[in-house]
Amino acid sequence: VGVAVWVGAALGALACATLVSRKQGRRRATKEWYHSTTTTPSVKMVYNAADAVDYTTMLGLTGAVASLCFGATHTLATLAWLSVGWLLIAFPLRHGCTLRWPL
């Protein structure tokens with residue numbers, strides 16, 4: 001183990017020395033360069049009113065898995081079901097509710 005630590009330290013020092021000695025390819029962090037790297041933000045996930053059944057199914061499965069993993073009377077299972085209940089109230093308030101067949 002001792003030899004491996006010394007070899008690892010030597011390779012790490014060599015890698016650091018190599019990185020410090022290479023000056024080509026470095027770019028100065030200017031305001032123009034920094035702002036040129038940004039892209040327009042895009043929405044990754046959007047819920048709409050038609051997702052209510054899918055969302056309810058997902059939350060029910062999440063609560064069931066928490067109960068199966070921790071036991072129905074465990075504190076974490078109770079907290080999971082309370083969270084499920086809260087999210088079932090919050091979803092229709094934020095997005096509305098339209099019933100449709102899942103998928």
Side-chain angles (χ1 to χ4, degrees):
V1 175
V3 173
V5 171
W6 283 105
V7 169
L11 289 174
L14 180 63
C16 287
T18 303
L19 289 174
V20 169
S21 67
R22 288 186 186 172
K23 296 219 179 196
Q24 69 264 31
R26 281 195 188 176
R27 236 180 253 159
R28 186 166 197 101
T30 61
K31 186 177 180 181
E32 293 78 23
W33 177 81
Y34 178 75
H35 288 291
S36 70
T37 61
T38 59
T39 59
T40 58
S42 63
V43 177
K44 301 286 189 243
M45 180 179 275
V46 176
Y47 288 111
N48 58 27
D51 292 333
V53 176
D54 297 335
Y55 194 74
T56 304
T57 305
M58 177 188 68
L59 288 174
L61 288 173
T62 301
V65 167
S67 292
L68 288 172
C69 289
F70 299 118
T73 59
H74 195 274
T75 306
L76 290 176
T78 304
L79 288 173
W81 281 111
L82 288 172
S83 297
V84 166
W86 169 251
L87 290 171
L88 285 174
I89 293 168
F91 185 84
L93 292 176
R94 287 189 72 192
H95 305 287
C97 185
T98 301
L99 295 179
R100 68 168 182 85
W101 188 251
L103 306 173

Cluster overlap Phe91 with Met58, hydrophobic side-chain contacts below 4.5 Å:
yes

Which atom pairs, one a donor and one an acceptor, fall under 3.5 Å between side chains of residues 78-90 and the rest of the protein, sequence neighbours left out?
unit_1 : atom_1 : unit_2 : atom_2 : d
Thr78  : OG1    : His74  : O      : 3.1
Trp81  : NE1    : Gly63  : O      : 3.3
Trp81  : NE1    : Ser67  : OG     : 2.6
Ser83  : OG     : Leu79  : O      : 3.0

Provide the closest heavy-atom pair for Ala77 versus Gly71 in the form atom of the first, atom of the second, distance.
CB-O, 3.2 Å

